[in-house]
Each structure stands twice: as structure tokens, then as C-alpha cells.
Colleague: 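I have a structure here, written as C-alpha cells, and I will follow up with some questions on it.
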Amino acid sequence: SLGGTKVMGDSVFVRAETRFSYGELKYSGSGTITGVPDYLWDTRAILGKDIAFSGYSLSPFIGVGYRTLLNDLRGTSSTGAVGYRRFSEYIYIPIGITHRTMLEGSPARLSTTVEYDYFIGGTQKSYLGDISAAYATAFGTVSNKQKNGYGARVSISYEKDAWSVGPYFNYWKIGDSDYTYRTYSGTTYSFLEPSNKTMELGVAAKFQF
């Protein structure tokens, strides 16, 4: 995770952040597949204001974010089902507040951030051609528009100089997508990305420059 902050007049700041994470997941549905690669990018720009009080500060903020997630489910499950790649992209508005307090006898501080992510919209791409050559000919890549959902984040960080480290929890809930239709050999097929939830729990290290 990397971020850059510029402080302007009257304690107003702008910040750019980018975060990458990789993990291996376990798929459970039509059988199971372990070690599924999962790649996430999250880039955002934030506008906020630092408000100082005695011994602590509050920093409300708002911005715009772009999040992508690639889930590489290619392979065969325990029941013989064949998987495919799925690519998600979200555009959202982060709205939140950060509370910072200085640690007694130390130049370091403890920072707590609570955030709500307003979901503007997204797209889910399903690379059905990964299943077989027949699927590639019939359906190719199917795109579904997503219009409903929200996210939430909570993090606690130990901050010193330009570095910070601490645990975080991110949550997304996205509703059913719009239907997409494909016609092949005289038959019309409908595709829907069902509602889903995503939860992340981890430890983040950041460097501000």
C-alpha cells in the first residue's frame, strides 16, 4: 500500500492511495477448488480536513475510488465442474473520519478510521471462453452491470514519521446484477451475477510521501 498526501491552507489535505493484495482462496459451490489466485487493486483520491483538539484530532474526508478484483478460477473442481476467470470493477465514493491521538512519551500516534463506501456502479466480466472452445464460440466474455451495493471499512494504525502499520477490516455487499442475454443456435440464454459479499481481514503497512 502506498499513499501521498499534500496539505494545503486551513488544514485541508488531498491524498492519493493505491493498494494491491494477492491471496489464494478456496472455492466452494459446484465442488471445491483450493489455491484459487485472487488479485485486488484499489486506487483512490481523498479530500479532507484536519481539525485539532486538545490531545487528539479528527479528519473527516470524502473522495472517489476505483477497485478491481480478478478471481482466477480456471481449473476443474472436485466434482468435475470447470471454472473460469471473473473480473470485477467498482467505482465508489469513500466517506469517513479518522481519529488520531498522540501516544504519551512518544512521537508516534494511534489512528482509527471508520469509512462508508457509497457504491456508484460496477461491471462483472465472466470469461466463459475459459471453460471450452464451444463456450468461447457461443458466449465469449459476458459483462453484467452492477448498480446496487455498499462497502464499509475499519482500520487501526500505529503511525510514526511517514510509516504506519496496523489491522484492517474491509467489507463489500453487492446486489444482483442486471441480466445479459446471448443468443446461440436459435436459443437465448440469460446471465446474472448474483449478489455477493466480500470480507477482508489483514494487516496493512503504508508509507506516505
Side-chain angles (χ1 to χ4, degrees), residues 1-2 17-45 64-94 115-154 167-204:
S1 178
L2 291 174
E17 302 174 343
T18 187
R19 180 172 68 93
F20 170 76
S21 68
Y22 168 80
E24 294 187 355
L25 309 180
K26 179 181 180 180
Y27 165 81
S28 180
S30 300
T32 60
I33 303 177
T34 58
V36 177
D38 196 71
Y39 306 85
L40 183 148
W41 281 101
D42 196 345
T43 301
R44 39 206 251 150
V64 61
Y66 175 68
R67 178 181 185 270
T68 66
L69 179 67
L70 174 62
N71 184 247
D72 191 347
L73 199 56
R74 286 177 292 183
T76 304
S77 76
S78 60
T79 59
V82 180
Y84 52 89
R85 289 169 295 164
R86 299 166 66 252
F87 179 75
S88 305
E89 53 184 350
Y90 303 161
I91 298 176
Y92 64 95
I93 297 175
E115 175 183 311
Y116 173 79
D117 293 325
Y118 177 80
F119 184 68
I120 296 177
T123 303
Q124 174 75 46
K125 295 181 179 179
S126 300
Y127 296 88
L128 300 183
D130 291 340
I131 298 176
S132 67
Y135 271 78
T137 301
F139 307 119
T141 299
V142 174
S143 296
N144 292 94
K145 295 295 183 181
Q146 297 169 305
K147 299 178 180 178
N148 302 306
Y150 67 91
R153 308 184 187 207
V154 178
Y168 68 88
F169 176 74
N170 297 340
Y171 175 81
W172 280 100
K173 182 177 182 181
I174 306 298
D176 289 345
S177 73
D178 291 345
Y179 279 96
T180 295
Y181 300 93
R182 292 281 193 276
T183 300
Y184 180 69
S185 297
T187 302
T188 298
Y189 300 86
S190 61
F191 297 89
L192 169 74
E193 179 65 22
S195 61
N196 64 87
K197 299 177 183 179
T198 302
M199 290 180 284
E200 293 179 72
L201 179 64
V203 176

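Predicted model, so just to flag it, every value in this text is computed and none were measured.
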Colleague: Measuring from atom CZ of F20 to atom CG of L2, what distance do you get when rounded to the nearest 0.5 angstrom?
Modeller: 12.5 Å
Colleague: Working to the nearest 0.5 angstrom, can you tell me the gap between D176 CG and N196 CG?
Modeller: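 So the CG of D176 and the CG of N196 are separated by 9.0 Å.
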Colleague: Might you work through the ring-ring contact (aromatic ring centres under 6.0 Å, His included) test for F119 and Y90, ending with a clear yes or no?
Modeller: CA-CA 7 Å; F119 184 68; Y90 303 161; 5.3 Å; yes
Colleague: Would you compute the distance between atom OG1 of T68 and atom CH2 of W41 and round it to the nearest 0.5 angstrom?
Modeller: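 Spacing of OG1 (T68) from CH2 (W41) equals 8.5 Å.
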Colleague: Any donor and acceptor pair, going by atom type alone, linking the side chain of N71 with main-chain N or O of D38 inside 3.5 Å?
Modeller: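 Pair absent, no side-chain N/O of N71 close to backbone of D38.
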Colleague: Step by step, work out the side chain to side chain contact (heavy atoms under 4.5 Å, CB included) result for R67 and N170.
Modeller: CA-CA 12 Å; R67 178 181 185 270; N170 297 340; over 6 Å; no
Colleague: Students often mix this up, so state it plainly: with edges at 30° and 60°, are the rings of Y118 and Y116 parallel, tilted or perpendicular?
Modeller: tilted
Colleague: If a pair satisfies side-chain hydrogen bond (donor to acceptor under 3.5 Å, both in side chains) and one of its residues is in residues 129-141, list it, with sequence neighbours excluded.
Modeller: R85-D130
Colleague: Can you give each donor-acceptor pair under 3.5 Å made by side-chain atoms of residues 142-153, sequence neighbours left out, with the distance rounded to 0.1 Å?
Modeller:
from: N144; atom 1: ND2; to: D178; atom 2: O; distance (Å): 2.9
from: N144; atom 1: ND2; to: T180; atom 2: OG1; distance (Å): 3.2
from: N144; atom 1: ND2; to: F191; atom 2: O; distance (Å): 3.0
from: K145; atom 1: NZ; to: T123; atom 2: OG1; distance (Å): 3.4
from: K147; atom 1: NZ; to: D178; atom 2: OD2; distance (Å): 3.2
from: R153; atom 1: NE; to: E115; atom 2: OE2; distance (Å): 3.3
from: R153; atom 1: NE; to: D117; atom 2: OD2; distance (Å): 3.0
from: R153; atom 1: NH1; to: D42; atom 2: OD2; distance (Å): 3.4
from: R153; atom 1: NH2; to: D42; atom 2: OD2; distance (Å): 2.6
from: R153; atom 1: NH2; to: Y92; atom 2: OH; distance (Å): 2.9

Colleague: When you measure from the side chain of S78 to the backbone N and O of T32, does any donor-acceptor pair fall under 3.5 Å?
Modeller: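 Indeed, once roles are kept as given, a pair shorter than 3.5 Å links the two residues.
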Colleague: Look up atom CD in Q124 and atom CG in L69, then write down how far apart they are to the nearest 0.5 Å.
Modeller: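 Rounded to the nearest 0.5 Å, the CD-CG separation comes out at 8.0 Å.
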Colleague: Could you measure the distance from the CG atom of L201 to the CZ atom of F169? Nearest 0.5 Å is fine.
Modeller: 7.0 Å
Colleague: Minimum heavy-atom separation for L73 and Y84, please, with both atom names.
Modeller: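 Scanning both residues, the minimum pair turns out to be CB-O, 3.2 Å.
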Colleague: Between G65 and P94, which heavy-atom pair has the shortest distance, and what is it?
Modeller: N-CD, 4.0 Å
Colleague: Say you draw a straight line from OH of Y184 to CZ of F139; how long is it, rounded to the nearest 0.5 Å?
Modeller: 8.0 Å
Colleague: Once side-chain hydrogen bond (donor to acceptor under 3.5 Å, both in side chains) is applied, what residue pairs with a partner in residues 185-194 remain, sequence neighbours excluded?
Modeller: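 Listed by first then second residue: R86-E193, T183-T188.
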